[in-house]
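Inspection log for the structure reproduced underneath, given as structure tokens.
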Amino acid sequence: MPAKTVSRPSAPRRNASSYVLDRELVDDLVAANRTLARLGVLDAFGHISVRDPRDPHRYLMSRSIAPESVSAGDILLLDLDSQTVDSKDEGKLLYRERFIHGEIYKVRPDVNAVVHSHSPTVVPFTVTRAKLRPLLHNAGFLGLGVPLFEIRKHAGDGTDLMILTPNLGKDLAKKLGKDAAVVLMRGHGDSVVGPSLPNAVFRAYYTEINARQQLAALTIGGPINFMSRAEALTSNDAMLKASARPWALWRKRALAEG
Ligand code: MN
């Protein structure tokens with residue numbers, strides 16, 4: 001047995017070598033960013049990530065720029081503590097709310113993509129008693145539950161409502177829970193998850209559309225005939241497959257823009 005007199009150096013957090021990211025997955029993420037910006041779900045803020053299929057303890061996300069501007073060279077690899085893992089990415093500006101993503105991936109192994117946005121028509125449902133509920137068949141996933149995260153309960157009064165620490169990311173992931181696809185964030189927006197990037201993009205879009213339609217329905221007279229829970233669950237299953245069609249269109253259009 002060797003003498004244990006030499007203390008072990010702490011493991012380097014970053015690997016010195018450069019990782020080669022899967023080009024198709026990078027293009028998917030670029031397309032997702034541009035698409036949700038074009039569809040009005042993301043504005044100059046918000047972000048999308050996808051879990052690395054080669055290592056579930058890592059995810060891909062853009063450096064901190066407006067989603068509409070994202071190109072392949074902007075995509076970074078992060079660990080689940082939401083720190084970069086490649087030395088070439090050291091010093092790059094990262095999204096301040098990236099902990100939303102890493103902390104959700106830690107507790108939801110079924111989730112492979114996350115969209116955080118300030119989805120404009122969703123925000124009124126975060127500050128009123130009105131509950132966002134599925135009325136459109138594409139939005140059946142809302143039947144899995146739509147929890148509301150109240151940051152004052154976790155960080156007190158006086159925050160800027162943003163998820164700026166790992167602990168707040170953990171709290172948000174806990175509020176999302178084991179089943180929901182969407183967690184609302186009071187006065188801020190939402191975070192939407194899916195088993196795949198196309199499905200998470202689909203869900204983020206139809207969360208916004210369902211919110212618009214729910215508001216429209218209220219203006220022409222309620223009560224609204226919402227989907228039943230059984231319908232919502234059946235529809236969610238169907239849309240997990242159907243989301244491939246709009247995704248193919250969105251991806252092609254987004255990448256054609258260059
Ligand atoms: Mn935000």
Side-chain angles (χ1 to χ4, degrees), residues 29-30 32-51 59-70 74-76 78 80-84 92-108 111 113-128 132 142 146-177 180-194 197 200-212:
L29 191 50
V30 169
N33 274 275
R34 294 179 187 173
T35 295
L36 286 181
R38 185 173 56 77
L39 294 174
V41 175
L42 296 162
D43 49 16
F45 300 101
H47 21 82
I48 310 177
S49 69
V50 61
R51 199 193 288 268
Y59 67 93
L60 284 71
M61 177 187 251
S62 171
R63 70 187 171 93
S64 182
I65 56 172
E68 196 175 345
S69 311
V70 170
D74 300 311
I75 304 300
L76 314 172
L78 289 87
L80 296 193
D81 288 329
S82 299
Q83 303 301 326
T84 55
K92 287 185 181 170
L93 193 61
L94 308 179
Y95 288 121
R96 296 174 71 205
E97 293 191 289
R98 62 194 181 279
F99 306 107
I100 293 169
H101 302 253
E103 299 304 326
I104 288 175
Y105 289 129
K106 280 182 188 174
V107 297
R108 285 283 298 265
V111 166
V114 178
V115 177
H116 167 61
S117 82
H118 308 153
S119 199
T121 320
V122 172
V123 174
F125 291 90
T126 73
V127 294
T128 58
L132 185 63
L142 295 174
V146 188
L148 172 64
F149 183 75
E150 169 51 81
I151 197 166
R152 274 189 218 123
K153 281 187 190 163
H154 303 276
D157 200 356
T159 71
D160 58 9
L161 310 193
M162 290 169 69
I163 305 296
L164 299 180
T165 65
N167 277 341
L168 279 172
K170 283 184 177 65
D171 291 336
L172 182 74
K174 195 172 172 191
K175 178 54 77 174
L176 174 69
V182 180
V183 57
L184 303 183
M185 301 156 77
R186 194 262 305 163
H188 181 171
D190 63 24
S191 295
V192 179
V193 303
L197 184 61
V201 170
F202 178 95
R203 285 173 168 179
Y205 175 60
Y206 281 107
T207 301
E208 168 66 21
I209 295 298
N210 194 94
R212 283 184 209 169

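Just follow the structure's listing: the first ligand is 1, and inside any ligand the first atom is 1. Heads up: numbering here begins at 1 and tracks the sequence. Values below: all heavy atoms of this structure, side chains included; hydrogens, waters and symmetry mates excluded.
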Separation between CG of Leu172 and CG of Leu184, rounded to the nearest 0.5 Å: 10.0 Å

With rounding to the nearest 0.5 angstrom, report the CZ to OH distance, Arg38 to Tyr205. 8.5 Å

State which residues pass salt bridge (Lys or Arg N to Asp or Glu O under 4.0 Å) with Arg186; sequence neighbours excluded, sorted by chain then number. Glu150

Counting the benzene-type ring for Trp, do His188 and His118 have ring centres under 6.0 Å apart? yes

Does atom NZ (Lys106) have a neighbourhood of more than 12 heavy atoms from anything else shown, all under 6.0 Å? yes

Atoms of the protein (N/O/S only) found under 2.8 Å from the Mn ion (ligand 1): Glu97 OE1, His116 NE2, His118 NE2, His188 NE2

ring-ring contact (aromatic ring centres under 6.0 Å, His included) between Tyr95 and His101: does it pass, once the steps are laid out? CA-CA 10 Å; Tyr95 288 121; His101 302 253; 7.8 Å; no

